[in-house]
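Since we're looking at a predicted model, the values are computed, not measured.
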Protein chains: 2
Amino acid sequence: MLSQTAEYALRAVVYLAQHPGEPTTVEQIAKHTQVPVGYLAKILQQLARAGLTSAQRGLHGGHILTRSPAQITLLDPVMAVDPIHRIDRCPLNINGHGHELCPLHRTLDNVIAAVARSLQAVTVAALLEDASGAAPLCGAGNARPATAAVALPSI
Amino acid sequence: MLSQTAEYALRAVVYLAQHPGEPTTVEQIAKHTQVPVGYLAKILQQLARAGLTSAQRGLHGGHILTRSPAQITLLDPVMAVDPIHRIDRCPLNINGHGHELCPLHRTLDNVIAAVARSLQAVTVAALLEDASGAAPLCGAGNARPATAAVALPSI
DNA sequence: CAGTAAAGAGACATTTTTATCTCAATACCT
DNA sequence: AGGTATTGAGATAAAAATGTCTCTTTACTG
């Protein structure tokens with residue numbers, strides 16, 4: 001669904017949110033989020049370029065969030081590294097029905113829009129405050145029993 | 001969002017639904033759906049293996065749907081060629097909190113579930129009957145002016 | 001039966017995504 | 001100033017997705 005890269009970016013942002021203040025090295029983030037170090041470095045660069053994080057070089061350097069977790073939604077890192085594209089014109093743009101979409105692509109675009117809204121509706125802070133179960137990112141040692149996830153049959 | 005392959009599969013199925021009865025050749029479908037012929041042939045094989053379509057070889061052969069468009073949802077072709085996977089265990093399966101997901105992955109799984117439900121809620125027949133605008137697949141010549149798509153700012 | 005129009009299957013090619021490696025630039029510390 | 005820990009950037013590699021090509025099999029037609 002989301003790309004591997006987007007997943008990694010989300011993990012990194014959540015981890016950073018759990019470690020406010022302290023600049024955190026790529027290595028440390030990678031270790032705790034199970035993301036390949038070298039690849040994560042690239043992703044963190046993208047997050048920095050997008051203004052979500054900032055990095056400090058040198059000794060005691062590392063990455064930090066530039067905004068409070070309450071002001072970062074799950075959509076933000078996703079758009080930074082692997083943007084979700086709305087369908088804004090029919091991919092089969094034969095005899096231009098202007099910017100109107102055919103029923104298929106209108107439906108697909110609605111799905112995409114819903115995904116974007118869902119991600120946008122959840123802040124990173126909300127994840128951290130979540131009291132229903134395991135700690136964010138399966139934080140070692142502090143997982144608690146939780147309510148069962150809602151089952152969706154058939155897929 | 002969805003893969004190219006899934007897009008192609010959806011186009012093919014919609015096209016077949018518009019041409020009930022007649023076995024339709026890969027070439028004809030490809031032409032009208034703007035999908036590379038060779039690749040489409042592979043995709044149609046996958047649809048056939050999944051039982052959505054069946055193919056007849058030889059002269060006057062081609063592909064047809066095995067079910068009525070009313071009994072095919074948009075999820076069906078997608079699952080046939082490029083299955084949507086629910087997140088059923090934390091990808092960072094450190095100190096196993098069983099099958100519980102952490103807040104991040106529970107959220108992501110909910111998004112995936114919503115996508116699946118949305119696709120499952122729309123039948124191919126519904127697309128064909130859609131009276132709000134352009135014909136399915138931008139059908140040449142019969143596009144009509146339609147209601148504007150709902151705008152989603154910020155993405 | 002021979003010819004032709006179609007799908008089936010598999011090898012091959014290209015492009016994109018994911019991942020690794022190396023070296024340079026920066027900042028701190030003694 | 002020199003040493004070390006860190007990010008930045010770019011080249012390279014590997015894997016997966018997408019796309020092409022060729023040959024075989026099947027079924028209809030005359």
Do [X] and [Y] come close enough that some side-chain heavy atom pair is under 4.5 Å?
X      : Y       : value
L10(B) : V13(B)  : no
T73(B) : V122(B) : no
I72(A) : P77(A)  : yes

Sugar-phosphate only, base, or nothing, as touched by Q45(A) at under 4.0 Å among non-hydrogen atoms: base

Sugar-phosphate only, base, or nothing, as touched by V37(B) at under 4.0 Å among non-hydrogen atoms: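 Contact class for V37(B): none.
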
In chain order, what residues pass the side chain to side chain contact (heavy atoms under 4.5 Å, CB included) check against [X], with sequence neighbours excluded?
X       : answer
V111(B) : V115(A), S118(A), L119(A)
A6(A)   : L2(A), S3(A), V78(A), V81(A), D82(A)
P20(A)  : none

Without placing hydrogens or testing angles, list every side-chain donor-acceptor pair under 3.5 Å for residues 22-30 of chain B, not counting sequence neighbours.
from, atom 1, to, atom 2, distance (Å)
T24(B), OG1, E22(B), O, 3.1
T25(B), OG1, Q28(B), N, 3.1
Q28(B), NE2, Y15(B), OH, 2.9

Without placing hydrogens or testing angles, list every side-chain donor-acceptor pair under 3.5 Å for residues 58-70 of chain A, not counting sequence neighbours.
from, atom 1, to, atom 2, distance (Å)
T66(A), OG1, G51(A), O, 2.6
T66(A), OG1, L52(A), O, 3.0
R67(A), NH1, Q71(A), O, 2.7
S68(A), OG, A70(A), N, 3.1

Over how many whole Å does the gap from [X] atom [atom1] to [N] atom [atom2] extend?
X      : N       : atom1 : atom2 : answer
L47(B) : dA7(C)  : CG    : P     : 13 Å
I43(B) : dA9(C)  : CD1   : P     : 16 Å
L44(B) : dA9(C)  : CG    : C1'   : 15 Å
Q46(A) : dA19(C) : CD    : P     : 13 Å
H63(A) : dT26(C) : NE2   : P     : 16 Å
Y8(A)  : dT17(C) : OH    : P     : 15 Å
Q28(B) : dA7(C)  : CD    : P     : 10 Å
E27(B) : dG8(C)  : CD    : C1'   : 16 Å

Taking every non-hydrogen atom, the tightest pair across I87(B) and D109(B):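 That closest heavy-atom pairing would be N-OD1, 2.9 Å.
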
Quick check for you: to the nearest 0.5 Å, what is the distance between [X] atom [atom1] and [Y] atom [atom2]?
X       : Y       : atom1 : atom2 : result
M1(A)   : I84(B)  : CE    : CD1   : 5.0 Å
T123(A) : L75(A)  : OG1   : CG    : 12.5 Å
R11(A)  : H105(B) : CZ    : NE2   : 5.0 Å

Residue mapping more 5' on DNA chain C - nearest nucleotide basis, G38(A) or A48(B):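 Whichever sits nearer the 5' end wins; that is A48(B).
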
Axial bend angle, the helix from dC1(C)-dG30(D) to dT30(C)-dA1(D): five-pair end segments, nearest 10°: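 Both end axes considered, the difference amounts to 0°.
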
Partner residues of T107(B) under the side chain to side chain donor-acceptor pair (under 3.5 Å) criterion, sequence neighbours left out: none

Contacts of R57(B) that satisfy side chain to side chain donor-acceptor pair (under 3.5 Å) - sequence neighbours left out: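 R57(B): no side chain to side chain donor-acceptor pair (under 3.5 Å) contacts found.
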
Can you give me the N/O atom pairs linking the protein to nucleotides 10-13 of chain C at distances under 3.5 Å, or say none if there are none?
from, atom 1, to, atom 2, distance (Å)
dG10(C), O6, K42(B), NZ, 3.2
dA11(C), N6, K42(B), NZ, 3.3

Strand-adjacent residues in residues 51-62 of chain B, judged by heavy atoms under 4.0 Å from DNA chain C: A55(B), Q56(B), R57(B), G58(B), L59(B), G62(B)

Outermost nucleotides of DNA chain D that come under 4.0 Å of a non-hydrogen atom of chain A: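 The contacted stretch runs from dA5(D) to dA11(D).
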
